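All remarks here apply to the structure that follows.
Each chain gets a letter, A, B and so on, in the order its sequence line appears, and its residues count up from 1. The structure presented is a predicted model; accordingly, all values stated were derived computationally and were not measured.
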Amino acid sequence: MVKQALEEIGRGTAEIIDIEAIEKLVTKYYDDGITYTVKAGFDPTAPDLHLGHTVLLQKLATFQKFGGRVQFLIGDFTAMIGDPTGKSATRKVLTKEDIIKNITSYTEQAFKILDESKTTIVYNNDWLEKLGADGMLQLASNLTVARMLERDDFSKRYASNTPIAVSEFMYPLLQGYDSVHLKSDIEIGGTDQKFNLLMGRQLQKAYGLKKQQAVLMMPILEGLDGVQKMSKSLGNYIGVTEEPKNIYGKVLSISDELMWRYYELLSEKSLAEIAQLKEDVASRTVHPKTAKENLALEITTRFYNEELATLAKEEFNSVFKAKKIPTEIPEFEMENGIWICQALLDAGLEPSTSQARRDIKQNAVSIDQKKISDDKLNLESGEYILQVGKKRFAKVKVN
RNA sequence: GGUGGGUUACUCAAGUGGCCAACGAGGGCGGAUUGUAAAUCCGCUGACUACGUCUUCGAAGGUUCGAAUCCUUCACCCACCA
């Protein structure tokens, strides 16, 4: 049992520090029924969770299966500083109101994956606010500047003359202090969090805790472009609250190479199954597109259900394979004689009439499935389906 | 506090008086091809019913027939010195 648990826990991880400690915790759970805590921190800056977050959440869910209690830490205090990780500029400071607003939808989405009964939501503002100036100083004395500059992100920024705010130095310390306060047994995070995660161990020792947290790091999920990490600001993400057809479509649009990465990090399939599938694709027994379709179905099903996922697939096929018009498209009413470019702008298909003109010239615009080339066209009364490119549709009623 | 350097479009980055709506690269968008994959090729990438007009090169003024380019002030950033 323990062995199987460890295998599942280890799946897809980038690195585990102190695996022995994890083994002990799991063993203790099976022998004596004693649970342990797994901490993961979340930044309440982006109210929308995407698949990149779910890699972590799925790992937490795995721990919940094997006796872990999740400490779902909302970094409402640390968010006011802004973690330097991954960004090459100091982050904007959020207001308290923003943070509170974000948290509600945040946790709601997280429980699509996590077991709520085995999750404790904690806010680090609760204890960090009370730390006070002397507490801060005591905390800061645990770390030298040289050590801080070892952190990859800092050293790069320092070398390239990108500014580093002194407050940013506090971030890893505060995150580490969270682990002291919560007496976490395990902390998980992305590989980009390594420095911060290790800080937790160091501080737990410095503050005299008997045990130090084990650390488990998950790889960073690449976004749709396959290069940069999935993030909302880069626009290369699949959000968990997106409509089924969008989730399905976006998964299908990833590259074949990236598909395997997604299989490994997001699918419930066993690693053996995935290896087999990969082999079948390589030997052309299975078409890569079929493999991708199944992945898309699985992921869509996770956030909705099988029925809706299947519908999404059918819709997708009818629109893109059979080149039919989507079943649901936005509708607009317009005045008689409206200029086509204006209509495209009003329907939100184009950002400007200039862009509309360019697209018409480039054969990207069609009315009722027929390409048009006249950018001076005016629409007579009637109903039209306007389309730009492959993906943008609108129904327009001209009165 | 002192000295020097910097701020150009989504990003990086050229341009140091007219040839500048502003080179180039990346990204994005579109077309061909396809499996809405990758790769490849081609085109577009400030706005405006548009062979012309308008607004843009950190901000505000100024010099000039003419400014992203020169001058003044301000804001922000960086380095070195203290």
Tabulate atom names and distances for all N/O pairs under 3.5 angstrom spanning the protein and nucleotides 45-49 of chain B.
from	atom 1	to	atom 2	distance (Å)
B:rA47	OP1	A:Ser352	OG	2.8
B:rA47	OP2	A:Arg358	NH1	3.4
B:rA47	OP2	A:Arg358	NH2	3.0
B:rC48	OP1	A:Thr353	N	3.2
B:rC48	OP1	A:Thr353	OG1	3.2
B:rC48	OP2	A:Thr353	N	3.1
B:rC48	OP2	A:Thr353	OG1	3.0
B:rC48	OP2	A:Ser354	N	2.7
B:rC48	OP2	A:Ser354	OG	2.6
B:rC48	O5'	A:Thr353	OG1	3.2
B:rU49	OP2	A:Thr353	OG1	3.2
B:rU49	O4	A:Asn378	OD1	2.9

Return the polar atom pairs (N/O with N/O) between nucleotides 32-36 of chain B and the protein under 3.5 Å, or none.
from	atom 1	to	atom 2	distance (Å)
B:rU34	O4	A:Lys390	NZ	3.4
B:rG35	O6	A:Asp256	OD2	3.4
B:rG35	N1	A:Asp256	OD1	3.2
B:rG35	N1	A:Asp256	OD2	2.8
B:rG35	N2	A:Asp256	OD1	2.6
B:rG35	N2	A:Lys292	NZ	2.8
B:rU36	OP1	A:Lys289	NZ	2.6

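A:Lys371 places no side-chain N or O within 3.5 Å of a backbone atom of A:Val365 that could act as its donor or acceptor partner. In this structure, the side chain of A:Lys376 does not engage the main chain of A:Ile340 through any donor-acceptor pair within 3.5 Å.
Nucleotides B:rU64 and B:rG27 are separated by 39 Å at their C1' atoms, to the nearest Å. When the C1' atom is used for both B:rU63 and B:rC71, the distance is 7 Å, rounded to whole Å. Nucleotides B:rG52 and B:rA21 place their C1' atoms 14 Å apart, quoted to the nearest Å. With both ends at atom C1', the span from B:rC29 to B:rC65 equals 41 Å, rounded to whole Å. A distance of about 14 Å separates the C1' atoms of B:rG6 and B:rA13, rounded to the whole Å. One C1' atom belongs to B:rC78, the other to B:rA25, and the distance between them is 25 Å to the nearest Å.
The stretch residues 235-249 of chain A participates, sequence neighbours left out, in these salt bridge (Lys or Arg N to Asp or Glu O under 4.0 Å) pairs: A:Glu242-A:Lys250. Identified under the salt bridge (Lys or Arg N to Asp or Glu O under 4.0 Å) test for residues 381-390 of chain A, with sequence neighbours left out: none.
A:Thr107 and A:Glu116 share no donor-acceptor pair across their side chains, judged by distance under 3.5 Å alone. Between the side chains of A:Thr120 and A:Arg69, at least one donor N or O sits under 3.5 Å from an acceptor N or O. A:Asn196 and A:Gln175 form a side-chain donor-acceptor contact under 3.5 Å, judged by distance and modelled atom types alone.
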Check: residues 326-334 of chain A side-chain donor-acceptor pairs under 3.5 Å, at least two apart:
from	atom 1	to	atom 2	distance (Å)
A:Thr327	OG1	A:Glu315	OE1	2.9
A:Thr327	OG1	A:Glu315	OE2	3.4
A:Glu333	OE1	A:Asn399	ND2	3.4

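One interatomic measurement links the two molecules: CD of A:Gln387 to P of B:rG30, which rounds to 10 Å at whole-angstrom precision.
Between A:Glu150 and A:Arg147 there is a salt bridge, since a side-chain N of the basic residue sits under 4.0 Å from a carboxylate O of the acidic one.
A cation-pi geometry, defined here as NZ or CZ lying under 6.0 Å from the six-membered ring centre and within 45° of its normal, holds between A:Lys112 and A:Tyr304.
Remark: RNA chain B takes part in the stems B:1-7 with B:75-81, B:10-12 with B:24-26, B:27-32 with B:40-45, B:46-48 with B:52-54, B:58-62 with B:70-74, each of 3 or more antiparallel Watson-Crick or G-U pairs, criterion distances under 3.5 Å.
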